[in-house]
There are 2 protein chains.
Amino acid sequence: MKKVTINSVASHAGVSKKTVSRVLNNEPNVSAATREKVLAVFKELDYTPNPIARGLAQNRSFIIGCLYDNPSKSYITRVQTGALEACKENNYNLLIHPCEFRGDALINNIEQLLQTSRLDGIVLTPPFGDFAELASFLKSKKIPYARVASALLQDDSISVRSNDEQGAFEITEHLISLGHKSIAFIKGHPDHSATQQRFKGYRRSLASHGIEFDERLVEEGNFSYHSGVDSARSILDLSPRPTAVFASNDYMAAAVLKLATQRQLKVPDDISIAGFDNAPIARHIWPGLTTIAQPVEEMTKQAVTQLISHIAQPQEKPYQVTLESRLITRESTSAIK
Amino acid sequence: MKKVTINSVASHAGVSKKTVSRVLNNEPNVSAATREKVLAVFKELDYTPNPIARGLAQNRSFIIGCLYDNPSKSYITRVQTGALEACKENNYNLLIHPCEFRGDALINNIEQLLQTSRLDGIVLTPPFGDFAELASFLKSKKIPYARVASALLQDDSISVRSNDEQGAFEITEHLISLGHKSIAFIKGHPDHSATQQRFKGYRRSLASHGIEFDERLVEEGNFSYHSGVDSARSILDLSPRPTAVFASNDYMAAAVLKLATQRQLKVPDDISIAGFDNAPIARHIWPGLTTIAQPVEEMTKQAVTQLISHIAQPQEKPYQVTLESRLITRESTSAIK
DNA sequence: TAAATTCATGACACCGGTGTCATAATGTCA
DNA sequence: TGACATTATGACACCGGTGTCATGAATTTA
């Protein structure tokens, strides 16, 4: 059983390679009769074009790369889900590439990636979207890219984000509206722009209610569950203990909840806990976490969709959009007694 | 700035393409002087070979595909982690491809995948590893594959699994040793071979202690958190209520825990709960879940490593291994009162 | 009906590498 | 030093598609 190529189809159908190629790509200037004949041979020989050969001729791979370095696995899962949807709709494939954000190796690493697998475009997920050096590297290599959930970098690339500052503001407002004045805050990973944004929103809300900002209530986390445990320990040891904790993501909030419960504290009666992201864990635990729902899948899907259409036909003006997030109240927050 | 290809390097260095290719691939029969010269030109022109052209000539893509359809996202994350490690060590890349297991579309879907992106090999994760039709399809297309955590299919392909039956046996033994006799069981997804295996282990343990199997204690789940909630509801409504629940994975166990807690039951005092997999959630909740730790990452890593070495050099005998799992006791199980 | 235009098709180069084989250069041995 | 083996190198075809352009046939226009 020999391999079926465009040549075998051509000779079988008694036409030239080029004509077969025309049929393959729905190009004009093929008579109906010829088209029929070629299509019949496709069926008969069970022909499928070789994507690599096509890639060589057109200098395309139909593969999008997804770059990430994120302590929150569920966030990555959501990013992938959105990216995959966009790829599927456009007959693209998704290649995943985790790599360390810190360290000089990054650019080399990406260079290696581009060498071993030519990608048509790259999605930069946090924190990569805010790394100017990487952006300019990709530009120099002429690799199109799209940024997801990145706040800082002002460039002319595709970018889909949500308003972290506003989300954090709203959830803090929610806590304050419940009577809380002593609200601890757990920061996210310092490399992520969301970390600063969420912190800003927290402070803006406090300020708008005349609540004095207290540095002792702020802990440095890094979005991982483990860092949440450490921060929770410090916070729960405070005296007087804050009446509420706002963690920069749900993993860290879950850690606070676990530690508080272990210490016999009732949530939310003794302490209210709020998270961010609406990760699966927020509804998998009891009490469920009050949080901000971010459309991570949707953001990524839009980013990748735009990226693909940009690849097919470079746009004049970049697609830059901010999607809405919304407050979800569950059982982990309640009015102060 | 023109593109740098093997031709530009060749003319720059004053040698033939083929000699450049030899240097590129560390082939013998290149004089030291020539090699130096060519390497210098590589640097000077900042040359990187085009993977697509190489792929066309060698009929390889250096990409492994990972096929999955799994309700447990964290399981997929772990599979990816293991697969990525193996890929990284071998300069391969990983393309992810979720697709529906059920339905006739599957084979077409895979065919499409192979068309749009030539893969050097495929990792089949549960439940795909047990689908004989898919295996024979891949064989007919001459695409090497490796199976992860698959129990049933007896074929001559690479397979790395762990002993689900034994794990379920051990965790049931653990519950029985704590004095439990009325142990509810939540099954996994019917398409997954692990589902039957775990059920078998549960029954074997009961039988070995002369505990009569009671069908009313068995609920049909599908590995998703949501299905766990439904099953938990039925189980907690039973009268008399079982003193322990063994769910076929940690997500469903977490659902039982949440519902029990919501209903003011104390875990483990009022009811013991055990899971399977040692997913992150098992230690992110309070009380932590007693569970069976499966080396999912390691299984996948070994499978992919073998797959890649098989691609480079087809082996005579297939690599088929069963890795150990182990019992992890946490706070969700205790001796009956 | 002749000239001009449009359409259908194929020949051929090309994408950027690798494999095969011939040949020139060098080394080894008697 | 001649016969022979070994090493270094390049010419050229090939992988399986696509792009460019020439050509002959069919159709329209004057």
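Quick note on labels: first sequence line is chain A, next is B, and so on, each numbered from 1. Only this structure's heavy atoms are used, side chains among them; waters, hydrogens and symmetry mates stay out.
For K37(A), the NZ atom sits in a packed shell: over 12 heavy atoms of surrounding residues, nucleotides or ligands are nearer than 6.0 Å.
Straight-line distance from the CZ atom of R118(A) to the C1' atom of dC15(C): 12 Å, rounded to whole Å. dA11(D) atom C1' lies 13 Å from atom CG of N7(B), rounded to whole Å. At whole-Å resolution of the value, CD1 in I6(A) and P in dG10(C) are 12 Å apart. In this structure, CD1 of I52(B) is placed 10 Å from C1' of dC15(C), rounded to the nearest angstrom. If you measure from atom NE2 of H12(A) to atom C1' of dG16(D), you get 18 Å, rounded to the nearest angstrom. Taking atom CZ of R35(B) as the reference point, atom P of dT7(D) lies 14 Å away to the nearest angstrom. Distance CZ (F62(B)) to P (dG17(C)): 13 Å, rounded to an integer number of Å. Rounded to a whole Å, the CG atom of N59(A) is 12 Å from the C1' atom of dT18(D).
When the side-chain nitrogen and oxygen atoms of T19(B) are compared with OP1 and OP2 of dG10(D), one or more of them lie within a distance under 4.0 Å. In terms of phosphate contacts, S21(B) brings a side-chain nitrogen or oxygen within less than 4.0 Å of OP1 or OP2 of dT18(C). Between T34(B) and dT9(D), a side-chain N or O to OP1/OP2 separation shorter than 4.0 Å is present. Side-chain nitrogen and oxygen atoms of R54(A) include at least one within less than 4.0 Å of the OP1 or OP2 phosphate oxygen of dT18(D). For dG16(C), one of the phosphate oxygens OP1 or OP2 lies less than 4.0 angstrom from a side-chain nitrogen or oxygen of K3(B).
Listed nucleotides: dG17(C), dT20(C), dG19(D). Nearest to the side chain of A53(B): dG17(C). Residue S31(B) has its side chain nearest to dA8(D) when only dG19(C), dT9(C), dA8(D) are considered. Closest contact between the side chain of L56(A) and the listed nucleotides dG17(C), dC15(C), dG10(D) involves dC15(C). Candidate nucleotides dT20(C), dG19(D), dT18(D) were compared by shortest atom distance to the side chain of E27(A), and dG19(D) ranks first. In this structure, of dT18(C), dC21(D), dT9(D), it is dT9(D) that holds the atom nearest to the side chain of N29(B).
Without hydrogens or angle criteria, N109(A) side chain to A105(A) main chain gives no donor-acceptor distance under 3.5 Å.
For T48(A) and V30(B), each mapped to the nucleotide of DNA chain D holding its nearest heavy atom, the one lying further toward the 5' end belongs to V30(B). Map Q58(A) and K18(A) each onto its nearest nucleotide of DNA chain C; the residue landing nearer the 5' end is K18(A).
Shortest non-hydrogen contact noted between P126(B) and N70(B) is O-ND2, 3.7 Å. Contact between A146(B) and A303(B) at its shortest, heavy atoms only, is CB-O, 3.7 Å. The heavy-atom pair separating I63(B) from Y92(B) by the smallest distance is N-CD2, 3.8 Å.
For the pair R54(B)/N25(B), a side-chain contact is recorded, criterion being any heavy-atom separation below 4.5 Å from C-beta on.
N50(B) comes within contact range of the sugar-phosphate backbone alone, with a heavy-atom separation under 4.0 Å but no base atom that close. Among the atoms of the strands shown, only primed sugar atoms or phosphate atoms (P, OP1, OP2) are found under 4.0 Å from some heavy atom of V15(B). Using a 4.0 Å heavy-atom distance criterion, N25(A) is classed as a sugar-phosphate-only contact.
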- Taking it one step at a time, do L119(A) and L114(A) satisfy side-chain contact (heavy atoms from CB on, under 4.5 Å)? CA-CA 6 Å; L119(A) 301 174; L114(A) 296 174; 4.3 Å; yes
- Task: Please assess L106(A) against E100(A) for the test side-chain contact (heavy atoms from CB on, under 4.5 Å), listing each intermediate value before the final yes or no.
- Result: CA-CA 7 Å; L106(A) 174 61; E100(A) 275 191 40; over 6 Å; no
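Axis angle between the ends of the helix from dT1(C)-dA30(D) to dA30(C)-dT1(D), five pairs each and rounded to 10 degrees, works out to 40°.
In this structure, the separation between CG on L134(B) and NZ on K139(B) is 10.5 Å, given to the nearest 0.5 Å. I107(A) contributes atom CD1, which lies 10.5 Å from atom NZ of K141(A) (distance to the nearest 0.5 angstrom).
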Please enumerate all protein N or O atoms sitting under 3.5 Å from an N or O of nucleotides 26-28 of chain D, with distances to 0.1 Å.
none

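Under 3.5 Å, the side chains of Q302(B) and E298(B) contain a donor-acceptor pair of N or O atoms.
Within 3.5 Å, a donor on the side chain of K17(B) pairs with an acceptor on the base of dG17(C), or the reverse. R22(B) contributes a side-chain N or O that forms a donor-acceptor pair with the base of dG10(D) under 3.5 Å.
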